[in-house]
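Written out below as structure tokens is the structure these notes cover.
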Amino acid sequence: MSGVWFFKNNGVIRLVENPAAESNGGNGGGSRRKVLVHLPSGQVVSSYSSLEQILNELGWERYYGGDPDLFQFHKQSSIDLISLPRDFSKFNSVYMYDIVIKNPNIFHVRDM
């Protein structure tokens, strides 16, 4: 593991792998925020309602049988499941890349 360990007065420690990016607010300076782009329309996905509409058009359906803290989609024709955090503010590049892998040539992750 590389990075910098930060120790707080209350005994909590944490590893920061890119301290320059974190000191710039996490999204400025050294790192960029990622966005999910719907390639056919060129639009950035900015909410779960717009994402759900696109996924429905691609044959994905809401899955209600799983974790109540997740927003999930499945396809009848596959075993794939897309699991997203309920809070859109926690929707990060890990979830975006999961969507890209399961929907090739439809989505792309870009730096904002």
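Predicted model only: the values in this text are computed from it and were never measured. The figures that follow rest on heavy atoms only: side chains count, while hydrogens, waters and symmetry mates do not.
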Does Val45 share a hydrophobic cluster with Val100, counting links as ILVMFWY side-chain heavy atoms below 4.5 Å and allowing steps through other members? yes

Say you draw a straight line from CD1 of Ile101 to CD1 of Ile82; how long is it, rounded to the nearest 0.5 Å? 11.5 Å

Sequence neighbours excluded, which residues qualify as side-chain contact (heavy atoms from CB on, under 4.5 Å) partners of Ser47? Ser49, Ser50

Rounded distance [0.5 Å steps], CD1 in Ile99 versus NE2 in His38: 11.5 Å

Can you tell me which residue pairs pass the salt bridge (charged side-chain N to carboxylate O under 4.0 Å, His left out) test with a partner in residues 78-88, sequence neighbours excluded? none

Name the orientation class of the two ring planes belonging to Tyr48 and Phe88 (parallel below 30°, tilted from 30 to 60°, perpendicular beyond 60°). perpendicular

Return all side-chain donor-acceptor pairs below 3.5 angstrom for residues 58-69, not counting sequence neighbours, or 'none' if the list is empty.
residue: Trp60; atom: NE1; partner: Asn103; partner atom: OD1; Å: 2.8
residue: Glu61; atom: OE1; partner: Gln76; partner atom: NE2; Å: 3.1
residue: Asp67; atom: OD1; partner: Asp69; partner atom: N; Å: 2.8

Return a table of donor-acceptor pairs under 3.5 angstrom between the side chains of residues 90-98 and protein atoms on other chains or two or more places apart.
residue: Asn92; atom: OD1; partner: Val94; partner atom: N; Å: 3.0
residue: Asp98; atom: OD1; partner: Lys102; partner atom: NZ; Å: 2.9
residue: Asp98; atom: OD2; partner: Lys102; partner atom: NZ; Å: 3.2

Please round to the nearest 0.5 Å and tell me the distance separating atom CZ of Phe71 and atom OG of Ser83. 11.5 Å

Distance col, row Leu36:CG vs Ile54:CD1, nearest 0.5 angstrom, shows 7.5 Å

The side-chain contact (heavy atoms from CB on, under 4.5 Å) partners of Ser77 (sequence neighbours excluded) come to Lys75

When the side chains of residues 104-112 are checked against the rest of the protein, which donor-acceptor pairs come out under 3.5 Å, sequence neighbours left out?
residue: Asp111; atom: OD1; partner: Lys34; partner atom: NZ; Å: 2.6

